[in-house]
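Notes follow the structure.
Lettering of chains follows the sequences in order, A, B, ..., and the numbering in each one begins at 1. Values in this document were obtained by computation on a predicted structure and should not be read as measured data.
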Amino acid sequence: MTRLKAGGPAIAKQGILVAFIVFMIVFSLMSDRFLSADNMMSVFRQSAIIGVMALGVTIVVIGGNLDLSVGSMLSFATVLVVDLHDKIGPELAIPVMVLATLCLGAVNGFLIGVLRLNSLIVTLGMLSVIQGLVLIYSGGQNVDIADQRGTWFAIFGRGAVFGIATPIIIFGALALLFHVIMSMTAFGRRVYAVGGNPTASVFSGIPRSQVVFTTYLISALCVAIAAIILGSRVMGSQNTVGQGYELQVLAAVILGGTSLLGGAGSILKTVLGVLMLAFIQNGLILMGQPYYTQWLVTWVVIIVAVWLDVAAKRGRLFSPIA
Amino acid sequence: ATIALASAAAADTVRIGITQNNVGIDSYQTTYERAFIEAAEANPDVEVIVLDAGGDVARQISQMQDLIQQRVDAIIIWPTDGQALVPAVRNAHREGIPVVVTNSNIADAGMDFIAAFSGPNNIQQGIYSAEMMCDALGGEGQIVQITGMPGYTTAIERQKGFDDRLAELCPGVTQLDIQPGDWNRERAQRTMETFLTRFDQIDGVYAGDDNMGVGALNAAIAAGRAEGMVFIGATNFAVGYDAMARGEYWGSVYQSPVDDARAALQTALDVLAGEDVPKLNYFDTPKITQENMDQFDRPVF
Amino acid sequence: MSSTQEAALRLQGIVKTFPGVRALDGVDFEVMPGEVHALLGENGAGKSTLMKVLAGMYQPDEGQIIIAGQPVRMTTPIEAKAQGVVLIHQELSLVPEMSAAENIYLGELPVKSFGRVDWKTLEERSNAILKRLKCSFRAEMTVARLSIANQQMVEIARALTVEARVVIFDEPTASLTDAEKVVLFDIINDLKARGVGIIYISHRMDEIFTLSDRITVLRDGAYRGTLITADTTEDDVTRLMIGRSLDLSRDEEPPSFGKTMLEVRNLTCPGLFEDVSFTVRTGEVVGFYGLVGAGRTEIAETLFGLRKAASGEILVDGEAVDIVSPRAAIAMGISLVPENRKEQGLVLQMNCRDNMTLPQIQDLTAGPFVSHGAELAIFDQYRDRLAIKTPSWRQSAGVLSGGNQQKIVIGKWLSMQPRVLIVDEPTRGIDVGSKSEIHQLLRELAAQGYAVIVISSEMPEVLRVSDRIVAMYHGRIMREFEIADVTEDTLVQAISGIKSEKTP
Amino acid sequence: MSRLNDISVLRWLMRNPIWGFVLLIFVFFSLSADNFFDYRNFQNILVQTSTIGIIALGMTLVMINGNIDLSVGATLALAAAFAVDVQSWAAFATWGNWQILPAVCIALLVGILMGAINGFIVWKTGVDAFIVTLGAMLGIRGLVFVYTGESSFFATNFAYSDFSALSLGPLPVLAVIFLLCVMVVHWLLSRTVHGRNTYAVGGNREAAVNAGIRVGPHMILNFMIIGFLAALSGVLLSTQMGAATPNLGRDYELWVITAVVLGGTKLTGGKGDIIGTFGGVLAIGIMRNGMNLMQVPAFYVLVIIGAILIAVLFLDKRFNTSNDGGLRL
Ligand SMILES: Nc1ncnc2c1ncn2[C@@H]1O[C@H](COP(=O)(O)OP(=O)(O)OP(=O)(O)O)[C@@H](O)[C@H]1O
Ligand SMILES: Nc1ncnc2c1ncn2[C@@H]1O[C@H](COP(=O)(O)OP(=O)(O)OP(=O)(O)O)[C@@H](O)[C@H]1O
Ligand SMILES: [Mg+2]
Ligand SMILES: [Mg+2]
């Protein structure tokens with residue numbers, strides 16, 4: 001067979017990366033503060049919460065499912081950790097909250113992984129159930145940490161190491177860790193396989209239920225970590241603090257080129273997706289645009305970026321379907 | 001209203017239905033609900049039906065229908081939207097069920113169909129905040145504003161009161177930008193961080209409620225720029241009260257959900273008793289600042 | 001074929017490239033009206049690609065399509081159909097949830113006023129076509145509930161709905177029984193008599209020699225030549241196709257069987273198979289032969305932990321085992337090359353190497369990480385051993401030709417070094433060269449001490465690879481043959497349910 | 001009734017567990033909520049479900065097609081804004097009550113246009129509909145805010161909001177329109193060539209392409225239908241409010257999809273019907289209405305609705321075993 005050299009420069013295949021670069025250039029031309037170190041740091045820090053959640057959801061989506069419950073799960077975890085902070089102290093509050101959140105993840109995982117129920121509807125249902133649980137737990141009251149200055153809990157959201165804010169470090173470290181897990185470990189490979197073709201995976205001896213279950217545990221773990229950052233950053237929580245986050249997270253994951261059909265996607269590109277959304281919000285405020293332009297720009301950016309990505313994979317700009 | 005009254009008298013107890021805006025979205029509304037139920041339980045002649053619209057206009061309209069369907073004696077409504085509930089209120093009016101509007105008012109077109117309004121005056125609150133801002137800055141400076149959830153009446157009215165009064169009272173104070181914080185502290189914190197990057201000089205911040213105000217304060221403290229910056233909010237929350245006590249937060253508007261709830265129930269009972277109730281029953285929402293805060297109890301929410 | 005006659009369809013210098021692959025490299029091809037022109041080539045030679053170009057599904061990079069003397073551009077299947085070019089796909093192209101009738105007239109449902117479907121006409125017409133194809137099922141049946149063979153017939157029925165100039169059959173017999181094949185050949189001859197040009201793609205030489213007038217051979221995407229069928233031999237064609245002759249004989253060194261590796265006692269799964277007992281020894285290949293639907297696949301699935309048997313026993317290496325999942329089966333040293341490579345065998349968007357190492361990925365680790373080197377070593381070994389054609393291990397399995405996909409799946413299970421290897425229709429859609437390689441491989445594996453089960457619907461295949469043949473009919477084992485005792489007649493009798501005196 | 005019929009009814013319910021569920025909650029609420037079993041309440045339920053119900057009809061088409069539309073809530077809000085605002089355009093000032101007509105027409109056209117845009121992008125770019133309409137959900141909401149300038153509009157003409165109070169015979173006009181839509185879309189889906197092609201495209205897109213169905217325009221048409229229905233729903237909702245608000249229809253997409261899935265339509269396409277969707281919509285409507293009448297506290301409503309959603313899905317799975325042929329997958 002005649003072998004051709006891989007067509008075109010490698011960068012052309014990275015539709016999302018191209019979109020990201022173009023986008024950054026346009027924005028930095030339109031606002032001189034956009035590229036300043038301060039602003040970069042501030043955007044990275046802001047994107048850590050959504051970002052950490054997006055990492056978990058990326059894994060769920062690669063495994064062929066969706067997770068829409070992360071928004072209210074974030075509310076749950078944040079309210080819990082903040083509320084328990086004053087009652088039993090942070091050193092106990094954190095593990096208790098993490099365990100409780102993992103339990104919610106396990107419920108998702110059981111319903112979807114083991115009982116094989118449709119993930120969109122299950123997590124939609126869980127979104128509602130968990131929001132109800134939060135409200136019942138807190139009686140609908142905001143929770144706040146009384147001694148905001150004295151608690152070491154502050155390091156997660158407000159601290160810094162070598163001048164880099166802790167949320168950025170947590171986000172970066174988790175991104176690297178998950179990237180390694182997904183691209184270099186057997187577990188990662190299995191997630192890709194189950195998402196790509198669950199039947200063939202079972203035929204290959206992969207414990208499909210167990211793999212899907214684990215993806216939901218990971219997602220819940222990410223939510224718990226995001227909640228620690230959020231609770232520590234705000235030092236309090238509202239009952240609906242995570243409302244709407246599920247769609248922002250999903251948008252970031254999609255923007256990163258992860259296929260909703262499962263079996264394909266990349267952690268590092270999700271990071272790009274997260275940053276792109278954060279930069280849109282940030283950049284447009286810097287330009288003094290009203291908030292709703294954000295939504296219009298996001299509309300265009302999501303479609304164009306994913307289009308570029310799809311087009312690069314397909315090797316032609318427009319779909320060949322008649 | 002006479003029909004309802006007659007049946008109420010016959011049954012001896014009155015049944016009052018309430019449909020609220022969005023319980024759980026913030027603790028003001030939750031505290032309101034609790035206070036309302038407590039007040040109703042304290043009164044043996046009152047039976048209440050408590051519903052929540054979850055912020056959705058259409059759902060609130062159907063709840064109005066459901067309440068009419070149950071032939072309650074009176075309906076208390078906390079409108080999710082002042083305009084959109086007018087026909088629903090009109091329906092209740094036609095069915096002879098008196099409607100009391102609570103917390104945020106119905107649009108002018110609906111005033112004919114309601115028995116009374118009871119609640120704070122959000123425009124007035126915006127005006128108070130503008131006056132405090134003007135005071136604090138001595139009439140000169142640059143400020144930013146963080147508003148509530150876009151498109152909802154309370155947010156719009158507070159912004160309107162603030163903007164109009166500020167322009168009139170303090171032409172020397174310029175508003176650099178207005179962005180929403182969605183009643184969400186973390187969101188407000190993010191918005192403020194971006195403002196801090198964008199503007200080198202910010203003298204004051206007005207936030208649509210204290211929750212967001214404290215978010216903005218957090219951002220300014222983290223950036224090391226809180227010193228000398230004036231933070232003014234509305235709906236004094238406990239966090240805002242505490243920040244005020246620490247001297248970091250300038251002032252707010254004191255508004256008690258407990259008063260709000262009791263006033264609404266009382267107004268409805270007065271209406272049912274056939275008393276002559278004025279159309280607009282604003283309860284007082286005074287300014288609260290670092291100076292006079294000891295005259296107020298720490299908010300319970 | 002006189003040269004004065006106008007070709008029904010002519011292709012000139014067709015070039016088609018995919019990223020990293022030059023699938024067609026200047027191919028010339030023509031088909032005359034009333035001619036059956038066979039297209040041959042190894043797996044991945046580009047046959048299907050060429051036909052997709054013809055049917056308007058792919059655009060050629062270079063070259064021309066000439067229909068009845070006129071150059072045409074066909075950018076969609078609709079235009080191709082309008083030109084009278086009909087393609088019967090290699091991979092079934094049906095909507096499973098819809099009825100056979102709707103599938104037959106898909107895209108051209110008869111219409112009444114207000115855009116309503118004319119159900120009556122639709123059913124009358126499609127039942128008429130099915131009758132012509134001697135199909136026993138009604139057109140109202142949902143396609144998902146038809147057997148693969150019947151689905152194939154639906155696909156074929158489609159070609160009869162239009163006034164076709166050229167009909168392309170891309171491996172139509174891959175899942176048909178002999179009886180159905182006869183019907184199909186009648187239809188082809190009928191079309192031929194009406195002056196339709198037929199392009200026929202198959203890996204089965206016997207069919208090609210019965211049916212075709214001319215044979216064109218492709219190799220590595222390039223045109224190799226055209227032969228008149230009557231003047232040529234199988235060997236000539238094979239040589240043109242793979243560059244060497246095939247050795248189709250059975251090596252006659254006496255096999256040495258070891259201990260009983262797998263024993264099945266009275267295994268029953270109601271409705272699928274009943275009271276099945278057999279043994280497989282190391283060093284032995286047991287062929288399971290039967291008609292489609294005889295229940296062989298279900299037995300394999302049960303042995304592989306994918307089904308729960310209602311009763312009966314399975315013994316592996318003398319030990320009674322309970323196989324609860326494929327994982328458990330793999331742990332016991334059982335491998336299954338499944339029947340349906342796309343759905344059960346491969347993760348299509350995953351690359352070739354990862355597909356191949358999937359079942360043992362947990363064991364290919366260095367510390368917490370998967371060892372790249374170990375994986376590549378396995379891939380390289382089986383790529384060479386099975387002669388898999390792919391530009392690189394990075395290629396997604398989904399874009400390989402059908403035959404090469406099948407080889408990836410075989411490689412995947414061979415690399416597990418199983419004690420019991422079950423292969424279900426191992427050479428479906430595989431070219432003659434690779435087929436004989438796979439047959440040889442199966443023999444070699446047995447010689448190395450594997451216990452092998454081969455499920456096949458092709459008699460030559462079972463005859464060639466098996467030491468023993470189990471004939472099945474309707475979920476029951478009818479008879480077992482030692483290879484020395486078997487004749488084609490007794491075998492056909494056994495799988496048709498005709499009881500012989502020697503029923504075990 | 002003969003035994004045979006009993007069995008076929010039972011089997012029908014097994015295949016459409018949602019109607020069994022509707023029956024169940026209907027009986028439950030009739031027994032336990034005082035004002036539930038009442039003719040006027042049934043009218044209310046129909047009117048209340050009409051908003052989500054009408055959109056769900058379109059969503060059924062789009063989902064059978066193998067697509068999804070997340071932008072319906074925003075489209076609804078945009079159409080409502082136009083329907084209310086256009087009435088007050090100077091051009092129609094002298095039209096009297098007739099000014100409602102162009103307003104409604106323009107609103108519906110806007111909906112169709114939004115659908116067409118979504119469909120066109122899905123067709124030409126080949127980007128998954130989930131992504132395209134997730135973008136549109138934000139973008140169209142942005143358009144709503146641009147158009148309304150953040151605040152609500154109200155219709156100065158009370159004739160507009162009186163429309164929703166009209167009755168046609170025994171039924172409120174909104175319910176009549178809803179039921180009419182149900183019948184038309186049911187007819188479209190089950191009887192017409194377009195409807196059958198909808199199943200074909202969703203069941204096996206490649207096969208549909210190969211068979212010469214113009215898949216792109218076909219999908220655009222379905223997106224236009226859902227755009228139209230979302231807009232219609234927006235118009236009807238705005239007649240109930242006599243106003244339009246910028247946040248109208250938030251989260252509706254999720255409820256609509258839930259209703260459609262409860263009704264047995266598969267997210268992967270190729271399978272579903274209007275009868276099921278109608279059941280799904282009623283199930284949600286009855287549950288909401290019944291819990292209101294029973295005064296279930298708001299926090300618990302969230303938990304109950306979510307849990308029931310999952311439970312119905314579980315039952316559906318039980319009754320409709322998938323076609324993996326009994327393999328342990
Ligand atoms: N969409 C595609 N993208 C990339 N490569 C492709 C694509 N389709 C086919 N190919 C490659 O083109 C070559 C020809 O494939 P084709 O399917 O035409 O082979 P074939 O002759 O039909 O083989 P078989 O007998 O196995 O069906 C193969 O190497 C295949 O991997
Ligand atoms: N579409 C169908 N609907 C109902 N029963 C079927 C269907 N297809 C097959 N069966 C039944 O399932 C059993 C086994 O079928 P299957 O085709 O898997 O057997 P097989 O021997 O593996 O055939 P092959 O491997 O040649 O396809 C048979 O009893 C058959 O009657
Ligand atoms: Mg082929
Ligand atoms: Mg089989």
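With hydrogens and angles ignored, the 3.5 Å screen pairs no side-chain donor or acceptor of Glu248(B) with any backbone N or O of Ala243(B). At least one donor-acceptor pair under 3.5 Å links the side chain of Gln29(B) to the backbone N or O of Asn22(B). The main-chain N or O of Ile155(A) is found under 3.5 Å from a side-chain atom of Thr166(A) such that the two form a donor-acceptor pair. Of the possible donor and acceptor atoms, one in the side chain of Arg198(B) sits under 3.5 Å from a partner among the backbone N and O of Leu286(A). A donor-acceptor distance shorter than 3.5 angstrom exists from the side chain of Thr194(B) to the backbone of Arg190(B), with no hydrogens or angles considered.
Contacts of Asp200(B) with chain A are made by both backbone and side-chain atoms, with heavy-atom separations under 4.5 Å. For Gln289(A), the part sitting under 4.5 Å from any heavy atom of chain B is the backbone (N, CA, C, O) and nothing else. For Leu230(A), the part sitting under 4.5 Å from any heavy atom of chain B is the side chain, from C-beta outward, and nothing else. With a 4.5 angstrom heavy-atom cutoff, Asn184(B) touches chain A via backbone and side-chain atoms both. Heavy atoms closer than 4.5 Å to chain A are found in the side chain of Phe237(B), but not in its backbone. Both the backbone and the side chain of Gln141(A) come within contact range of chain B, each with at least one heavy atom under 4.5 Å from a heavy atom of that chain. Residue Ile285(A) touches chain B through both its backbone and its side chain, counting heavy-atom pairs closer than 4.5 Å. Using a 4.5 Å cut-off between heavy atoms, Asn282(A) touches chain B through backbone and side chain atoms alike. Contact annotation for Arg233(A): both backbone and side-chain heavy atoms come within less than 4.5 Å of a heavy atom of chain B. Looking at Gln179(B), the atoms closer than 4.5 Å to chain A (heavy atoms on both sides) all sit in the side chain, from C-beta outward. Looking at Gln131(A), there are no atoms closer than 4.5 Å to chain B (heavy atoms on both sides), in backbone or side chain.
The contact list for residues 30-37 of chain B toward chain A, using heavy atoms and a distance under 4.5 Å, reads Thr30(B), Thr31(B), Arg34(B) by residue number.
In this structure, the ring of Phe34(A) has its center less than 6.0 angstrom from the ring center of Phe279(A).
Separating the CH2 atom in Trp295(A) from the CD atom in Gln281(A) is a distance of 10.5 Å, to the nearest 0.5 Å.
Here Val234(A) is the residue among Val134(A), Thr240(A), Val234(A) with the most heavy-atom pairs under 4.5 Å with chain B. When each of Asn239(A), Val143(A), Asn142(A) is checked for heavy-atom pairs under 4.5 Å with chain B, Asn142(A) comes out on top. For the set Val300(B), Asp242(B), Asn211(B), the count of heavy-atom pairs under 4.5 angstrom toward chain A peaks at Asn211(B). Between chain A and the options Asn218(B), Ile221(B), Asp177(B), Leu196(B), heavy-atom pairs under 4.5 Å are most frequent for Asn218(B).
When side chains are defined from C-beta on, Ser138(A) does not count as touching Asp83(A), because their heavy atoms never get closer than 4.5 Å. Residues Ser69(A) and Leu104(A) have side chains not in contact (no heavy-atom distance under 4.5 Å, counting atoms from C-beta outward). For the pair Met235(A)/Arg158(A), a side-chain contact is recorded, criterion being any heavy-atom separation below 4.5 Å from C-beta on.
The aromatic rings of Phe231(B) and Tyr249(B) sit parallel, their planes meeting at an angle under 30°, below the 60° perpendicular limit.
Here the shortest heavy-atom pairing between Arg59(B) and Gly54(B) reads NH1-CA, 4.3 Å.
Arg185(B) has a carboxylate O that lies under 4.0 Å from a charged side-chain N of Asp144(A), or vice versa, which qualifies the two as a salt bridge.
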